[in-house]
There are 2 protein chains.
Amino acid sequence: MQTPPDNATVSASGEQGILEAAEILFAEKGFDAVSMSAIAKLANTSKPNIYHHFKNKDELYLAIIKTAVQRASSLLDELEGAPGTFRQRLARFSAGQLDNIIAHGRSTQLVLREALSGNSERARETANYMVSEVFNRLVAMVRHGQENGELREDIDPTLAAFMIESANMFYFQTMPIMKNIPEINYADDAGAFTEGVMDIIFNGVLQK
Amino acid sequence: MQTPPDNATVSASGEQGILEAAEILFAEKGFDAVSMSAIAKLANTSKPNIYHHFKNKDELYLAIIKTAVQRASSLLDELEGAPGTFRQRLARFSAGQLDNIIAHGRSTQLVLREALSGNSERARETANYMVSEVFNRLVAMVRHGQENGELREDIDPTLAAFMIESANMFYFQTMPIMKNIPEINYADDAGAFTEGVMDIIFNGVLQK
DNA sequence: ATACTAACCGACCGTTCGGTCAGTTTATGA
DNA sequence: TCATAAACTGACCGAACGGTCGGTTAGTAT
């Protein structure tokens with residue numbers, strides 16, 4: 001893998017620099033396609049020094065995943081406590097989560113790839129935890145709206161929550177593809193996307 | 001990677017056996033984590049014989065992706081020509097596509113991973129083509145319903161199509177995770193899932 | 001200055017990687 | 001039956017892998 005380092009660079013030094021470099025490379029190419037030498041090079045250090053800070057490649061990978069999950073988790077706490085009507089809160093939670101995963105695109109891609117990879121016991125549990133946590137909070141919000149009588153009684157709250165999360169996650173995953181489809185005009189505007197999604201979720205597409 | 005072969009076995013022999021084995025392993029572990037020796041072992045042949053049939057590892061990988069995309073593409077043709085009302089046809093297209101990607105889970109995972117990987121020029125264009133094709137057909141159907149006056153004029157047809165495809169794709173991606181969440185009772189029932197999704201897409205979740 | 005430790009490195013290890021070579025077996029068709 | 005080509009193989013190649021070795025530097029407390 002003699003691919004040129006990247007457009008990205010590492011600012012910090014020491015252990016933090018290693019973590020940064022590893023996050024960049026793992027997110028970009030995946031676990032197996034990244035060598036410890038490549039990480040050392042991008043971090044401006046030596047391979048043995050990485051092993052001074054981390055037991056092995058798996059542990060370095062796990063450290064990055066855990067950091068990403070924790071950050072996402074604490075940001076969800078903030079979002080959930082917001083005020084407003086039920087509909088506003090649900091829409092803002094969805095929009096905030098989407099902004100968050102886009103802003104931290106590298107770690108999101110890392111966690112998502114691990115959660116959805118279908119194999120490797122490496123860090124799947126940790127990654128699954130994040131996906132499930134977003135999902136559970138969405139379900140709770142939808143269920144709450146249902147109890148308040150704002151939502152139809154005959155819909156499955158987990159299904160509505162699933163549709164919101166799937167829209168957000170698939171939006172994030174397909175952003176590079178969407179930008180090549182000219183008729184899509186929300187590829188660069190996550191706010192407009194969420195607004196449209198919530199409109200359809202709330203009101204449906206049928207003519208009244 | 002001395003992981004035991006798998007529960008899967010290869011039935012065919014010769015070139016077809018190599019393709020089968022490679023598809024199994026690539027889908028399970030991804031390109032970089034699969035060695036040519038492992039493929040040879042699972043295909044009950046030798047490594048040089050793989051190179052007799054395929055120029056190199058990349059070409060073998062590309063051959064599998066192309067086969068998968070072609071099969072999916074021809075199945076979409078069938079689905080699109082179905083009769084019925086607009087709503088029936090849209091629901092059946094969505095359900096059929098979901099059944100299809102679940103039935104061919106291995107190749108779907110392969111194509112999806114390639115399309116969403118965010119790197120590697122290996123086969124991304126081919127994989128993107130499949131994602132875009134499903135999307136374009138959905139957009140055309142939604143737009144048709146809009147022209148017939150069955151759908152609201154103020155919704156973006158690409159957005160409705162995106163939500164349907166995202167629900168299907170994310171359903172496929174998260175099936176293993178969903179089975180661990182007890183409150184989800186459509187994890188094993190793609191038909192019920194599609195029905196619920198289309199209900200929400202058409203009618204929304206709000207109390208009338 | 002001394003002693004101790006964390007941070008760091010060049011050189012190297014055994015193993016496996018993608019890929020090749022020189023040759024053998026198997027099927028085909030005249 | 002015999003030539004020809006396709007299918008197939010064991011042994012091997014240089015390169016790169018994850019990881020370790022012995023040793024050096026830099027900071028810090030006494």
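Within every chain, numbering begins at 1; the chains are lettered A, B, ... in the order of the sequence lines, protein sequences first and strands thereafter.
At whole-Å resolution of the value, OH in B:Y61 and C1' in C:dG19 are 20 Å apart. D:dC17 atom P lies 13 Å from atom CZ of A:F31, rounded to whole Å.
Sequence neighbours left out, the pairs with a member in residues 175-187 of chain B that pass salt bridge (Lys or Arg N to Asp or Glu O under 4.0 Å) are A:R143-B:E183, B:K179-B:D188. Listed by first and then second residue, the ring-ring contact (aromatic ring centres under 6.0 Å, His included) pairs that reach into residues 42-62 of chain B are B:F26-B:Y61, B:F31-B:Y61, sequence neighbours excluded.
Under the 3.5 Å distance criterion, the side-chain polar atoms of B:E165 are left unmatched by any main-chain donor or acceptor of B:A161. Proximity of a side-chain donor or acceptor of B:T108 to a complementary backbone N or O of B:H104 within less than 3.5 Å is detected.
The phosphate of D:dT9 (OP1 or OP2) has a side-chain N or O of B:T45 nearer than 4.0 angstrom. Remark: B:H52 is not in phosphate contact with D:dT9, judged by side-chain N or O atoms under 4.0 Å from OP1 or OP2. Taking only side-chain nitrogens and oxygens, A:S35 comes nearer than 4.0 Å to OP1 or OP2 of D:dC17.
As judged by a 4.0 angstrom heavy-atom cut-off over every strand, B:S46 is placed among the base-contacting residues.
Relative orientation of the B:F193 and B:Y186 rings is tilted, given thresholds of 30° and 60° on the angle between their planes.
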Kindly give the atom pairs (protein nitrogen or oxygen, nucleotide nitrogen or oxygen) under 3.5 Å for nucleotides 19-24 of chain D.
unit_1	atom_1	unit_2	atom_2	d
D:dG19	OP2	A:Y51	OH	2.8
D:dG19	OP2	A:K57	N	2.9
D:dG19	O5'	A:Y51	OH	3.4
D:dG19	N7	A:K47	NZ	3.0
D:dG19	O6	A:K47	NZ	2.6

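A:R137 forms no cation-pi arrangement with A:F93, by the criterion of a distance under 6.0 Å to the ring centre and an angle within 45° of the ring axis.
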